2 protein chains.
Amino acid sequence: MARAATTTDAFNAVAEPRRRQILDLLVGGERAVNDLVDLLDLAQPLVSKHLRVLREVGLVDVRDSGRHRVYRLNAAPLKPIHDWVKSYERSWEERFRALDDVLEELKAEENDR
Amino acid sequence: MARAATTTDAFNAVAEPRRRQILDLLVGGERAVNDLVDLLDLAQPLVSKHLRVLREVGLVDVRDSGRHRVYRLNAAPLKPIHDWVKSYERSWEERFRALDDVLEELKAEENDR
DNA sequence: TTGACACATTCCCATATGGGTATATGTTTC
DNA sequence: GAAACATATACCCATATGGGAATGTGTCAA
């Protein structure tokens with residue numbers, strides 16, 4: 001088998017930085033495709049393709065408005081990601097604290113000399 | 001260009017469910033490769049390959065212990081993911097509240113009839 | 001030293017990617 | 001109806017994937 005499709009779930013969809021950028025733009029409110037094209041400085045077909053992936057995993061909804069298609073954020077599918085990483089929060093905080101301790105020790109040694 | 005390498009960053013590394021499973025096991029403490037092989041019920045070469053990816057993005061550290069290689073979690077690279085999704089938390093909560101409101105309305109209508 | 005064990009690496013394959021370019025579809029405006 | 005605009009889709013390409021099978025490398029035990 002090859003790598004899982006980008007449309008498999010939010011984890012895969014969001015691994016692509018361009019798609020994260022798109023979502024970041026949509027937090028500010030709805031946007032038509034051309035808006036996004038200008039803001040992202042990316043070829044229109046690429047934007048459309050990324051939007052399709054986001055649509056397939058439910059991260060955006062579309063609405064027709066004349067000859068525009070307006071995309072809107074739906075953050076719900078991000079919650080599983082949040083829940084998963086959140087369980088590691090304590091873990092990295094411990095490590096950062098441990099690092100701080102080491103730095104403190106080094107500083108103390110420095111002052112002792 | 002093709003899809004970004006899995007070793008590009010934590011986002012890509014963690015998009016693969018097997019690798020999330022491995023991290024989930026390592027939260028409980030250090031593990032040797034064969035331990036993981038048994039727990040995951042996955043071929044040993046595959047486990048080694050996944051561990052390599054995790055190592056390359058810094059999500060695990062290795063230590064030699066006799067003829068075993070002991071892997072240990074380092075959650076720090078997950079923090080950027082956490083920070084990114086966290087900024088959407090309000091967004092999905094709003095949407096869930098809106099959904100609740102709709103359900104309440106439906107229930108109220110139900111009672112009125 | 002030889003064999004058993006633990007692990008990593010290599011090779012093969014099918015697959016889908018993201019970008020580019022060209023074109024199809026649908027909607028306004030004239 | 002024709003032209004202009006907005007968007008989606010189709011096609012081509014290079015690339016790396018995850019799995020499988022086989023093999024390499026290093027360590028311990030007898």
Side-chain angles (χ1 to χ4, degrees), chain A residues 1-26 30-73, chain B residues 1-26 30-73:
Chain A
M1 216 179 280
R3 203 165 166 183
T6 52
T7 51
T8 303
D9 53 28
F11 278 98
N12 281 280
V14 149
E16 165 65 33
R18 250 63 201 254
R19 287 193 283 266
R20 289 201 298 278
Q21 278 183 45
I22 292 179
L23 296 181
D24 289 344
L25 290 172
L26 292 180
E30 298 181 330
R31 292 279 189 188
V33 180
N34 254 353
D35 262 27
L36 296 172
V37 171
D38 293 345
L39 291 166
L40 293 168
D41 194 38
L42 200 61
Q44 176 266 314
L46 294 190
V47 175
S48 282
K49 279 193 243 179
H50 285 311
L51 285 169
R52 188 179 214 281
V53 173
L54 293 173
R55 225 170 39 209
E56 288 196 33
V57 297
L59 278 167
V60 298
D61 298 323
V62 212
R63 175 172 60 85
D64 275 31
S65 168
R67 60 180 161 186
H68 295 262
R69 307 205 79 197
V70 180
Y71 282 82
R72 182 222 292 239
L73 173 69
Chain B
M1 220 179 279
R3 201 166 168 186
T6 52
T7 51
T8 303
D9 53 30
F11 278 98
N12 281 280
V14 149
E16 164 65 33
R18 252 61 201 257
R19 285 193 284 266
R20 289 200 298 277
Q21 278 183 45
I22 292 180
L23 296 181
D24 289 344
L25 290 172
L26 293 180
E30 299 182 330
R31 291 280 190 188
V33 179
N34 255 353
D35 263 28
L36 296 172
V37 170
D38 293 346
L39 291 166
L40 293 167
D41 195 38
L42 199 62
Q44 176 265 313
L46 294 190
V47 174
S48 282
K49 279 192 243 178
H50 284 311
L51 285 170
R52 187 178 214 283
V53 173
L54 293 174
R55 225 171 37 207
E56 289 196 31
V57 296
L59 277 168
V60 297
D61 298 323
V62 213
R63 175 170 61 83
D64 275 30
S65 167
R67 58 182 163 185
H68 295 262
R69 305 206 80 197
V70 181
Y71 282 83
R72 182 221 292 237
L73 173 71

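Only heavy atoms go into these numbers, but all of them, side chains included; no hydrogens, no water, no symmetry mates. The chains referred to below are lettered A, B, ... by the order of the sequence lines, with proteins before strands, and numbering in each begins at 1. Since this is a predicted model, take the numbers as computed values, not measurements.
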Can you measure from [atom1] ([X]) to [atom2] ([Y]) and round to the nearest 0.5 angstrom?
{"X": "B/E56", "Y": "B/T7", "atom1": "CD", "atom2": "OG1", "answer": "5.0 Å"}
{"X": "A/E16", "Y": "B/N12", "atom1": "CD", "atom2": "CG", "answer": "8.0 Å"}
{"X": "B/D38", "Y": "B/D41", "atom1": "CG", "atom2": "CG", "answer": "8.5 Å"}
{"X": "B/I22", "Y": "B/L59", "atom1": "CD1", "atom2": "CG", "answer": "11.0 Å"}
{"X": "A/R18", "Y": "A/L46", "atom1": "CZ", "atom2": "CG", "answer": "8.0 Å"}
{"X": "A/T6", "Y": "A/L54", "atom1": "OG1", "atom2": "CG", "answer": "9.0 Å"}

Polar atom pairs (N or O), protein with nucleotides 9-12 of chain D, under 3.5 Å:
unit_1	atom_1	unit_2	atom_2	d
D/dT9	OP2	A/R52	NE	3.3

* So do the side chains of B/L36 and B/L51 get within less than 4.5 Å of each other, counting heavy atoms only? ->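 A side-chain contact under 4.5 Å exists here.
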* To do: Indicate yes or no: at least one non-hydrogen side-chain atom of B/L23 is less than 4.5 angstrom from one of B/V14.
  =>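 They are in contact (side-chain heavy atoms under 4.5 Å apart), so the answer is yes.
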Where is the tightest heavy-atom contact between [X] and [Y], given as atom of each residue plus distance?
{"X": "A/R72", "Y": "A/L26", "result": "C-CD1, 4.4 Å"}
{"X": "A/R20", "Y": "A/A15", "result": "NH1-O, 3.4 Å"}
{"X": "A/A13", "Y": "A/R19", "result": "O-NE, 2.6 Å"}

Would you kindly give the [atom1]-to-[atom2] distance between [X] and [N], to the nearest whole Å?
{"X": "A/L51", "N": "D/dA8", "atom1": "CG", "atom2": "P", "value": "7 Å"}
{"X": "B/D41", "N": "D/dG19", "atom1": "CG", "atom2": "C1'", "value": "14 Å"}
{"X": "B/R63", "N": "C/dA8", "atom1": "CZ", "atom2": "P", "value": "14 Å"}
{"X": "A/E56", "N": "C/dA16", "atom1": "CD", "atom2": "P", "value": "13 Å"}
{"X": "A/F11", "N": "D/dG18", "atom1": "CZ", "atom2": "P", "value": "15 Å"}
{"X": "A/M1", "N": "D/dG19", "atom1": "CE", "atom2": "P", "value": "7 Å"}
{"X": "B/N34", "N": "D/dC28", "atom1": "CG", "atom2": "P", "value": "15 Å"}

* For A/R3 and A/Y71, take the nucleotide of DNA chain D holding the closest heavy atom to each; which residue's nucleotide lies nearer the 5' end? ->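 Whichever sits nearer the 5' end wins; that is A/Y71.
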* So which one's nearest nucleotide on DNA chain C is more toward 5', B/D35 or A/L42? ->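 Taking each residue's closest nucleotide, the earlier one in sequence belongs to B/D35.
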* To do: Hey, which sits more toward the 5' end of DNA chain C by its nearest nucleotide, B/A2 or B/V62?
  =>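 Mapping each residue to its closest nucleotide by heavy atoms, the 5'-most match is B/V62.
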* Structure fact -> Nucleotide by nucleotide, nucleotides 25-30 of chain C touches protein heavy atoms under 4.0 Å in the pattern (B base, S sugar-phosphate only, - none) --BB--
* Taking OP1 and OP2 of D/dG19, is either one under 4.0 Å from a side-chain nitrogen or oxygen of B/H50? ->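 For D/dG19, OP1 or OP2 has a side-chain N or O of B/H50 closer than 4.0 Å.
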* At under 4.0 Å, does any side-chain N or O of A/H68 touch on OP1 or OP2 of D/dT7? ->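 Yes.
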* Asked: NA contact type, B/A4, heavy-atom cut-off 4.0 Å: base, sugar-phosphate, or nothing?
  ->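 The answer is nothing, as B/A4 stays clear of every strand by at least 4.0 Å.
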* Residues from residues 12-25 of chain B lying under 4.0 Å of DNA chain C - heavy atoms ->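 Those residues whose heavy atoms fall under 4.0 Å from DNA chain C, taken from residues 12-25 of chain B, amount to none.
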* To do: Have a look at A/Y71 and tell me which of A/R55, A/R31, A/R63 forms a side chain to side chain donor-acceptor pair (under 3.5 Å) with it.
  =>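 The residue from A/R55, A/R31, A/R63 that satisfies side chain to side chain donor-acceptor pair (under 3.5 Å) with A/Y71 turns out to be A/R55.
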* **From C/dA8, C/dT17, D/dG20, nucleotide with atom closest to B/V33 side chain** =>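 Of all the options, the side chain of B/V33 is nearest to C/dA8.
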